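In what follows, every chain begins at residue 1, and chains take the letters A, B, ... in the order their sequences are listed. Note that this is a predicted model, so its numbers are computed, not measured.
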Number of protein chains: 2
Amino acid sequence: MTSIDTRAARAADDLTAGGWALPAGAVGTHRFTPKFEAVIAGLQARLTALGGTEGPVWHPPVLSRSLIDRAEYAESFPHLLGSVNAMDEDADGVVLAPAACYPVYPGLADGTVGEQVHFDVAGYCYRHEATSELGRFRTFRMREFVTVGAEEPVTAWRNGWIERGEKLFAELGVAVEVKSATDPFFGPGGRLMRASQLEQDLKYEFVAKVSPEDPGTAIASANCHKDHLGTRFAVRLPGGDTAHSACAAFGLERIALALINAHGDDLNDWPALAAALPTPGSPA
Amino acid sequence: MTSIDTRAARAADDLTAGGWALPAGAVGTHRFTPKFEAVIAGLQARLTALGGTEGPVWHPPVLSRSLIDRAEYAESFPHLLGSVNAMDEDADGVVLAPAACYPVYPGLADGTVGEQVHFDVAGYCYRHEATSELGRFRTFRMREFVTVGAEEPVTAWRNGWIERGEKLFAELGVAVEVKSATDPFFGPGGRLMRASQLEQDLKYEFVAKVSPEDPGTAIASANCHKDHLGTRFAVRLPGGDTAHSACAAFGLERIALALINAHGDDLNDWPALAAALPTPGSPA
């Protein structure tokens with residue numbers, strides 16, 4: 001094994017020793033204990049309070065191929081997309097959801113939105129990651145707040161979520177660095193596109209340690225999509241302009257790992273979050 | 001549309017009108033509201049109490065292909081198995097979990113169990129169903145209690161779960177028929193095998209209406225696997241015999257639909273379950 005594999009194996013063993021997870025046999029997958037699931041449920045409740053919603057709409061782990069094609073996901077991340085094949089393949093096959101938000105857009109497609117609409121969603125996501133360090137999940141749960149509307153309120157909303165995220169992680173006792181980052185939302189544009197994205201401050205990541213030797217992993221992000229998805233799904237504003245969109249996305253398992261790394265294996269040592277933790281036995 | 005498609009569309013519309021779900025765009029998928037998720041979480045808590053456990057281990061929605069091959073799933077249900085393909089396909093690809101229990105067996109494989117061991121697991125499952133009537137989910141959550149051990153206590157445990165299931169559904173106010181059924185656990189054996197399974201009483205289904213015009217849908221089952229999985233995973237008893245296994249499986253979304261069909265769209269009219277329902281916002 002390479003040293004990254006050795007570290008990954010040791011970090012996974014530590015997770016098992018702490019009573020959080022069991023091996024699941026496939027790269028980037030885990031079996032989570034009721035103790036771990038209680039943390040996930042606590043995080044969901046915390047995020048519901050932070051978002052001021054009634055809770056997320058829970059999205060399915062599979063999407064129609066036509067939806068993901070319209071979003072042009074595969075043009076940016078062809079290597080991460082998991083397609084589902086069955087023996088009696090039909091015309092509109094399904095893919096594994098790469099993010100929680102996609103089913104929001106068909107409901108708005110080819111229509112007009114007011115100044116701003118809001119969504120709170122969650123679901124299982126799949127990314128066919130090539131490496132196996134702890135936190136590089138192939139399958140994971142994402143909680144995502146989404147807004148669609150005019151550029152100015154959408155950008156202000158995204159900036160508000162950077163502040164909310166900082167407040168959340170401070171309350172949870174998880175040290176994060178907020179970093180401007182790149183993400184090829186706009187197709188495989190290479191260095192020039194990434195530089196442009198950095199200049200425009202479109203993506204901020206909350207980076208934390210998910211294991212002792214982790215140099216830093218993005219556990220959440222707050223992103224402006226500009227009018228990329230508005231264009232793809234033909235969503236217009238009342239004046240006729242194309243709608244902008246933005247999201248605040250929380251990787252639930254990664255946040256749980258950051259909490260475990262920060263506070264240890266005994267939930268009684270987790271004062272800040274403990275109050276929000278529901279009874280074990282109701283997985284989120 | 002055929003009349004079954006029309007009925008399916010009307011039943012899905014009713015679900016949306018009742019505040020339970022939103023369309024998701026792919027056959028056999030739904031987006032579930034916090035109101036629906038509260039029912040799922042309540043069911044999980046009820047099943048935890050019924051099983052006398054600390055709650056389920058939450059299994060990933062994808063499994064290694066080698067695991068599902070060893071279980072010989074594809075030899076019985078080739079048309080239902082969803083394989084995940086990515087552009088940089090690796091040797092040990094993944095498949096979508098067709099049932100929640102599979103990751104239990106590698107932990108016991110090529111080893112010896114005592115008289116009886118117990119598991120409580122849950123997870124997302126995928127079945128590439130050909131039809132789209134309400135309740136014929138391609139993606140759904142299954143809660144599954146599993147036991148592995150000697151034939152006699154395993155069979156007695158399974159029979160105990162038939163009684164527990166009857167008690168549960170009576171408490172929930174869901175009218176069920178308990179039916180002896182067939183399920184080709186033993187490969188594509190056709191009529192003779194199915195007749196044999198009926199004679200041996202290996203599978204019981206809890207059948208209920210999930211929509212007004214539904215002739216009856218299996219919402220749970222209690223099953224003896226004989227030594228099929230014990231053989232496939234080389235699990236032995238202390239005396240050297242191959243271990244038997246059994247499961248009690250609960251289709252969470254189908255049970256929720258049966259509850260909605262029985263009690264209507266207002267959760268305040270659900271006296272029996274209401275006490276177990278947690279706050280909306282913690283999806284299960």
**OP:** Check whether A:Leu63 gets within reach of chain B through its side chain, its backbone, both or neither, counting any heavy atom under 4.5 Å.
**Re:** backbone
Original post:
Under 4.5 Å between any side-chain heavy atoms of B:Val94 and A:Tyr126, yes or no?
Top reply: yes
**OP:** Specify which of B:Gly107, B:Pro61, B:Pro106 makes the most heavy-atom pairs with chain A at under 4.5 Å.
**Re:** B:Pro61
Original post:
If you take all heavy atoms of A:Arg31 and B:Val57, which pair is closest and at what distance?
Top reply: CB-CG1, 3.8 Å
**OP:** Determine the minimum heavy-atom distance between A:Pro60 and B:Ala24, stating which atoms define it.
**Re:** CG-CB, 4.0 Å
**OP:** Let me know if B:Leu22 has heavy atoms under 4.5 Å from chain A in its side chain, its backbone, both or neither.
**Re:** side chain
Original post:
Between A:Pro34 and B:Glu54, which heavy-atom pair has the shortest distance, and what is it?
Top reply: CB-O, 3.5 Å
Original post:
What is the ring orientation for A:Trp58 with B:Tyr124, classed by angle as parallel under 30°, tilted 30 to 60°, or perpendicular over 60°?
Top reply: parallel
Original post:
Which atom names give the shortest non-hydrogen contact between A:Ser64 and B:Ala26, and what distance separates them?
Top reply: N-CB, 3.8 Å
**OP:** Check each atom of A:Pro103 against the heavy atoms of chain B and say whether the ones under 4.5 Å are side chain, backbone, both or neither.
**Re:** both
Original post:
With only heavy atoms counted, which part of A:Ser83 is less than 4.5 Å from chain B, the side chain, the backbone, both or neither?
Top reply: both
Subject >> side-chain contact (heavy atoms from CB on, under 4.5 Å) partner of B:Val84, chosen from A:Val95, A:Leu81, A:Leu96 >> reply: A:Leu96
Subject >> Residues which pass ring pair (Phe, Tyr, Trp, His ring centres under 6.0 Å) with B:Phe32, listed by chain and number, not counting sequence neighbours >> reply: B:His30, B:Phe36
**OP:** Name all residues meeting the ring pair (Phe, Tyr, Trp, His ring centres under 6.0 Å) criterion together with A:His59; count only those two or more places apart in sequence or in a different chain, and write none if there are none.
**Re:** none
